[in-house]
Amino acid sequence: MNGLKTKVNKLNRIGKTLEKRLSRLGIVTVEDLLFYFPFRYEDYSEILSIAKLQNGQEVTIRGKIELINAKRSSRQRKIVTEALISDGSDQLRLVWFGQPFISKTLHVGEEFYFSGKVKSDMFGLQMVSPSYERVRNGERGMGNEGHNMHTARIVPMYPLTAGITQKQLRFLVSQVISHIDEIVDWVPEDVRDVADVMELKEAIRSIHFPENQQEIDYALKRLKFDELFILQLRAEMLRQSIKVAKAPKIKFSEKAIQDFVANLSFELTKDQKVSSWEIIQDLGKPTPMNRLLEGDVGSGKTVVAAMATLDTVLNNYQVAIMAPTEVLAKQHYESFCNLLKGHEINVCLLTGSEAISQKSIPPKADLSGSEKSIKSKVAQRKNLLDRINSGEMNVVIGTHALLTDKVKFKNLALVIVDEQHRFGVEQRKTIKEKSGNKKTTPHFLSMTATPIPRSFALTIYGDLDLSIIKQMPSNRKIIKTRLVDDHNRQKAYDFIREQIKQGRQVFVICPLIEQKEKDENEIEIINYNFTGSQEKKSVLVEFEKLSKQIFPDLKVDYLHGKMKSAEKDEIMQDFSSGKIDILVSTSVVEVGVNIPNASVMMIEGAENFGLAQLHQFRGRVGRSSHQSYCFLFTTKNSAKSKERLEFFERTHDGFVLAEYDLEVRGPGAVYGVAQSGMMNLKIATMQDKEIIKLSRDVARGMDFNKYPSLKKKVGEWESKVHLE
Ligand code: ADP
Ligand code: MG
């Protein structure tokens, strides 16, 4: 049996509770434990003699206990343990607060290592609350039996969750470190040589038990390389597979596109023109387009997509458009019907709850078919599927369920995906199978409102070509953004009331659904200094407060991710039709929803969100000619979060905000785990520019037939991380 796959609960000293806590850190097997990396180190490797200590030093000393006693402090009623130790060169006082067990663990005459900070008081030097470890026989520094783990070495500091200590983690890692010999290096030796990185098992050993800083550096290089290399290999694999694939050539319908543009009620921005041009060029090639269209909320990606759609349909091919939610799919349906009207084009909507079609005329509100019997609904769906299959439907809009449904196309040539960033090999295969043509692969266009700086996009979406709409349509008003002090809260409420009186609507965003709950999947990683969740505002509590105390006369409702999707849709419909004045919500409103009449976005606990995310919230208002406002409230007033939010106050460019947050918080915090799928970066960061370049260079032109282990690794990564 492979020891790496052994469950940690088989190890000594792991009971049910600890097992559960470890699993919150993602540690289930021995392998997980080995791949759970420290995020910093404290260097206690050098043992100093007491006589040489100086105030303020962080050191390790080795000494024998001469005196120890515990007493209760008079003022704070806490146990204080004091000890006097000696190492032959001098004596030193140690003191611990509130740790009653210490005097029972350390006894006079015994010898220990003590690590901690040296401080001076009126009686001279002392060490406060040092960590300690019994001196054992044998070499120091290694984690093996009889060696020191917590002191007298470079001590790794692991990210923790509540109920787990550094000592426990170090102990567990030391128990399993011998299993590194079973680690098979997925990067072949000659590739390692080219990249100049060390062997994986050596890196794992060094990351947990480094002898010196240089070992840490080498280990980090290898481990970061691995994370980035997988991304680049994946991109390279896709690139290679796309290069050999054939796509339907879409002839540019110049006249029709010119007419389309001329008939718009606005002038296209320069970026919209350039992006459309890039896309139309790609469509004309015999290899599949693989492009990401990036543009801030409201930058006008939909028209660009509509032009590509029109061009494709006029070549007698079908187009599929996928959105992440039913609400958004419906919105796209309405937009496309509208934009394509005047052409003989059949547009349909196919989601879990709806199956409707129109000849590019906007649908009426009551077309949802709720009054129809289930039987006729089933028949209607079947009928629509048939018409998609026959090619009668030119544009098929739906959720990602289009991929799993019984949908078959006659001749699909273009797939547009909103807010999913990209497609994996598997999804491409699925699409190809559905496309109705075994010899060609449809063109692929992905759209996102998440601003991803170009350099960063090249790392994580290395397989995609980029079109970026940076410029906003000129008629946009700046959304007035204010960080509001809590003592001005009433003023904000008064303002809101005034806006509603004028007929506007208001969003209130909260970080949580219920009080006391943890964020979904949140691990409170103590050492990472993330905001704890105790004080976050919750939707349900805010809803109570606003509907009962502040605005009892107004229509307040709420929305969150745990509601059924039918319920959510209903609330959004009610908000959209003006039946609700104030909508209290979690971040579920973040993506795409269009309520032109909303003019105030109020965000509670704003420090809990990334700037790019706040920017998305802000983009929910200001979608009409009404001046709009964004108010930020915080529950935690650290200087750092204030600085961030003030930056947000004055910055209205999503790309600039994203870059700022990438620097300050890192990609995981900025783009989120689920959304980006790139969070498997555990230790590599965007600051690792050299390793990014290295991994790109090594991946470029890789011969995957020669190195099947690389191919396999990418497959594993995909199934683990990505595109669930
Ligand atoms: P997003 O990029 O967020 O998907 P949309 O495509 O939904 O943005 O566009 C937002 C709004 O801006 C739509 O109502 C659209 O008609 C309008 N719009 C798009 N391009 C322009 C433009 N160049 N000038 C003025 N309004 C535009
Ligand atoms: Mg959009």
Side-chain angles (χ1 to χ4, degrees), residues 257-258 260-279 291-310 319 321-342 347 349 360 362 395 397-400 416-421 445-452 466-479 572 576 588-599 601 612-626 628 652-655 657-658 675:
I257 298 291
Q258 274 171 359
F260 176 88
V261 174
N263 283 327
L264 288 170
S265 60
F266 46 76
E267 174 95 16
L268 289 177
T269 62
K270 181 162 162 284
D271 289 347
Q272 279 174 316
K273 286 182 194 160
V274 171
S275 301
S276 312
W277 180 242
E278 287 169 341
I279 291 166
R291 187 170 283 280
L292 175 64
L293 174 61
E294 271 190 68
D296 217 334
V297 189
S299 62
K301 296 181 290 294
T302 315
V303 241
V304 175
M307 276 189 265
T309 300
L310 180 60
V319 178
I321 299 167
M322 291 191 270
T325 65
E326 294 207 1
V327 175
L328 279 174
K330 182 140 189 184
Q331 253 175 39
H332 276 313
Y333 175 60
E334 286 165 12
S335 308
F336 276 81
C337 285
N338 225 331
L339 284 162
L340 299 175
K341 76 179 159 220
V347 185
L349 175 69
S360 25
V395 181
I397 300 176
T399 57
H400 295 157
I416 300 175
V417 176
D418 201 10
E419 292 304 342
Q420 202 200 354
H421 296 191
L445 176 66
S446 175
M447 303 194 287
T448 181
T450 310
I452 305 166
L466 277 186
S467 292
I468 303 184
I469 307 181
K470 278 209 164 184
Q471 193 184 17
M472 291 298 255
S474 56
N475 59 0
R476 289 295 137 74
K477 288 206 174 92
I478 291 274
I479 295 159
M572 279 323 293
S576 179
V588 292
V589 297
E590 184 185 347
V591 214
V593 185
N594 193 19
I595 312 282
N597 192 44
S599 68
M601 169 57 67
Q613 203 182 4
L614 289 175
H615 186 63
Q616 300 268 336
F617 294 143
R618 182 165 61 183
R620 298 298 110 228
V621 296
R623 309 196 127 221
S624 67
S625 56
H626 306 297
S628 294
H652 293 266
D653 181 331
F655 284 90
L657 289 168
Q675 190 190 24

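Atoms within a ligand are numbered from 1 in the order they appear, just like the ligands themselves. Owing to the predicted nature of the structure, the values given are computational and were not obtained by experimental measurement. Just the heavy atoms: all of them, side chains too, but no hydrogens, waters or symmetry mates, feed the values below.
For atom 3 (O) of ligand 1, the candidate residues are G298, S624, G300, A449; the nearest heavy-atom contact is made by G298. The option from T269, T302, V303 that lies nearest to atom 5 (P) of ligand 1, judged by heavy atoms, is T302.
When hydrogens are left out, the protein atom nearest atom 16 (O) of ligand 1 is F266 CE2, 3.4 Å; that is the closest non-hydrogen contact. Of the protein's non-hydrogen atoms, R476 NH2, 3.6 Å is the one closest to atom 11 (C) of ligand 1. Among protein heavy atoms, atom 24 (N) of ligand 1 sits closest to P473 CB, 3.3 Å. The protein non-hydrogen atom at the shortest distance from atom 20 (N) of ligand 1 is Q272 NE2, 2.9 Å. Nearest non-hydrogen protein atom to atom 2 (O) of ligand 1 is K301 NZ, 2.7 Å.
In this structure, A306 and F336 approach most closely via the heavy-atom pair CA-CE2, 3.7 Å. G298 and P473 make their closest contact through O-CD, 3.6 Å (heavy atoms, listed as atom of the first residue, atom of the second, distance). P596 and S624 get closest at one heavy-atom pair: O-OG, 3.0 Å.
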Between D271 and I468, is a side-chain contact (heavy atoms from CB on, under 4.5 Å) present by the stated rule, with each step listed?
CA-CA 7 Å; D271 289 347; I468 303 184; over 6 Å; no

From CA spacing to verdict: side-chain contact (heavy atoms from CB on, under 4.5 Å), L264, L339:
CA-CA 8 Å; L264 288 170; L339 284 162; 4.0 Å; yes

Audit row: V621, S599, side-chain contact (heavy atoms from CB on, under 4.5 Å) steps and yes/no:
CA-CA 5 Å; V621 296; S599 68; 5.7 Å; no

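Under 4.0 Å from ligand 1, the heavy atoms of E267 that appear belong solely to its backbone. No part of I469 comes within 4.0 Å of ligand 1, judged by heavy-atom distances.
In this structure, CE in M307 is found 10.0 Å from NZ in K273, a value given to the nearest 0.5 Å. Taking CD from Q272 and OG from S467, the interatomic distance works out to 12.0 Å, rounded to the nearest 0.5 Å.
Using a non-hydrogen distance threshold of 4.0 Å, D418 does not register as a contact of ligand 1.
Atom 13 (C) of ligand 1 is never approached by the protein to below 4.0 angstrom, counting heavy atoms only.
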